[in-house]
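One-based numbering, in listed order, for ligands and for the atoms of each. The first residue in the sequence is number 1, and the count goes up from there.
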Amino acid sequence: MTERESTPQHYRVAIIGTGFAGLGMAARLKRDGLSDLVLLERANDVGGTWRDNTYPGAACDVPSHLYSLSFKRNPGWSRSFSGQREIWEYLRRIAVDEDIMPHVRFGCEVGSCRWDSAGNRWWIDTSRGTITAQFLVSGAGALCEPSLPDIAGLDGFQGTIFHSSRWNHDHDLTGRNVAVIGTGASSIQFVPQIQPEVGHLHLFQRTPPWIIPRHDRDITRPEQWIYRNLPFAQTLARRSIYWARENYIFGFVKNPNLMKGVEAICRTHMKRQVKDPDLRAKLTPDYRAGCKRILLSNDYYPSLTRPNVSVVTDGISEVREKSVVTRDGTEREVDTIILGTGFHVSDLPIANHIHDAESVALSQRWGDDPQALRGTTVAGYPNLFILAGPNTGPGHTSHVFFIESQINYTMAALRYACRNRLDRLVPRPEAQDAYVERVQRKTQGTVWVTGGCDSWYLNSKGNNVALWPGFSWEFALQTRRFDPHNYHLRKEAPIRRAPARLAA
Ligand code: NAP
């Protein structure tokens with residue numbers, strides 16, 4: 001008997017991943033009374049990117065009162081911008097408090113998910129066997145697969161090499177000659193941490209980021225007491241951070257020239273911290289602020305002024321067994337390479353694992369142009385919800401806010417399916433196309449298109465595949481309700497009395 005002929009365990013909902021998306025989705029389903037769910041987690045603990053990114057100095061650059069689930073507040077945040085450990089602990093607490101742990105299959109790598117149109121279910125092959133599910137929710141996220149640079153000779157490097165999201169804590173950096181490749185959000189956090197201990201740090205910068213001061217501070221015990229005992233005070237703090245950050249959209253989307261004001265703040269910040277004009281010239285971006293993510297740091301620039309740091313702006317031509325060579329022919333001996341080169345964000349790796357009824361992988365359908373209705377559902381792939389899907393990234397605010405909006409949409413769709421006894425819902429291709437066209441139209445004129453930089457926000461056609469081009473409340477509004485007219489729906493049986501809750 002083949003595996004397909006045997007009867008695998010069936011679930012109402014299968015969720016891939018246990019980061020903010022997976023845990024948030026599971027918590028909402030459980031609160032709605034649905035316990036017939038499974039979470040598939042390839043690691044041995046929950047936490048997603050906040051479990052994996054343990055590099056020194058890892059922290060969030062969005063204040064914690066906003067970078068958290070609205071229905072699971074934490075009055076005890078210790079800092080305005082919390083560190084990785086605290087955010088990971090927050091996520092683990094959610095898994096326990098919401099009784100999600102018994103639903104998680106750990107060490108369970110998803111191989112292939114295939115839609116079965118006869119059985120109206122997803123067949124999900126994993127490293128721990130096959131299961132089926134009526135609905136499949138991807139909470140795999142965008143920051144899970146490290147992006148390794150395509151540099152000649154990198155494979156032949158004889159020293160120690162690792163990516164920032166797979167930090168090698170067993171490798172003592174004391175006195176080492178270290179090459180750091182990349183100057184993005186992760187690098188600017190770990191460079192100041194490792195600079196004092198390494199022998200020499202060669203920082204290979206392709207594009208300098210715009211950096212603003214980071215207004216971080218301890219949250220005092222009296223403040224925590226207030227947040228614990230007067231929850232409205234925390235709501236107020238959350239809202240004030242939220243609305244302050246929404247202002248960025250005026251510059252990002254409406255009028256990129258407004259970003260000159262932010263550039264002036266960045267220049268002043270750099271001038272205060274970097275006295276050497278040659279170094280300042282190297283570190284000054286030549287594109288409009290916002291075109292790439294604006295970064296926050298108070299200690300990055302000072303660390304680059306130390307005598308054991310060189311900022312290298314000549315491109316890398318090759319890596320040899322014990323050195324990195326730049327295009328001008330200079331060879332720098334190093335014994336360690338740290339890749340701060342980011343993640344496969346726009347080519348969502350989970351798309352390689354999701355197949356339609358004809359076995360076409362979502363990655364094949366998409367190519368480098370991922371498209372989804374409301375960033376969540378995909379024509380041709382029934383009963384599938386992709387959290388952190390195309391055009392659901394914020395350039396200015398909390399990603400968790402967007403994930404929660406998508407969870408609201410998924411909950412609304414599942415409730416609708418349950419109430420109307422549907423066994424299948426899939427977006428109409430023309431509805432998806434119209435939605436994507438609207439998003440692309442709104443992207444025209446934004447700083448991401450006109451700002452004069454190359455970024456992973458845009459694909460080879462110049463289409464924005466990553467960011468939501470508008471205020472985040474606009475995305476929240478349009479994901480508040482399910483929109484059945486945009487879907488092909490299939491009933492499983494005549495409607496009887498509508499069950500009030502998903503679990504019914
Ligand atoms: P990233 O921001 O994408 O930066 C990658 C860096 O590597 C860039 O400087 C890039 O240069 C460089 N790079 C890539 N390929 C290269 C090559 N072949 N040669 C030389 N340089 C190369 O990656 P990240 O810093 O890991 O951050 C990834 C994501 O995580 C971002 O979206 C970031 O916002 C997020 N993140 C968020 C937080 C938070 O607090 N919320 C913290 C850390 C990270 P170019 O700019 O020239 O491409």
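- For ligand 1, the 4.0 Å heavy-atom shell contains residues Y55, A59, C60, D61, L143, P149, I181, G182, T183, G184, A185, S186, Q189, R206, T207, K292, R293, G340, T341, G342, F343, W456.
- With F81 as the aromatic partner, R214 meets the cation-pi criteria of under 6.0 angstrom to the ring centre and within 45 degrees of the ring axis.
- You'll find the side chain of T160 stays beyond 4.5 Å of the side chain of R176, heavy atoms only.
- Listed by first and then second residue, the disulfide bond (SG atoms under 2.5 Å apart) pairs that reach into residues 240-315 are C291-C453, sequence neighbours excluded.
- Applying the salt bridge (charged side-chain N to carboxylate O under 4.0 Å, His left out) rule to K461 yields the partners D369; only residues at least two apart in sequence or on another chain are considered.
- With sequence neighbours excluded, no residue satisfies side-chain hydrogen bond (donor to acceptor under 3.5 Å, both in side chains) with N177.
- Ring to ring, H163 and F343 are close: their centroids are under 6.0 angstrom apart.
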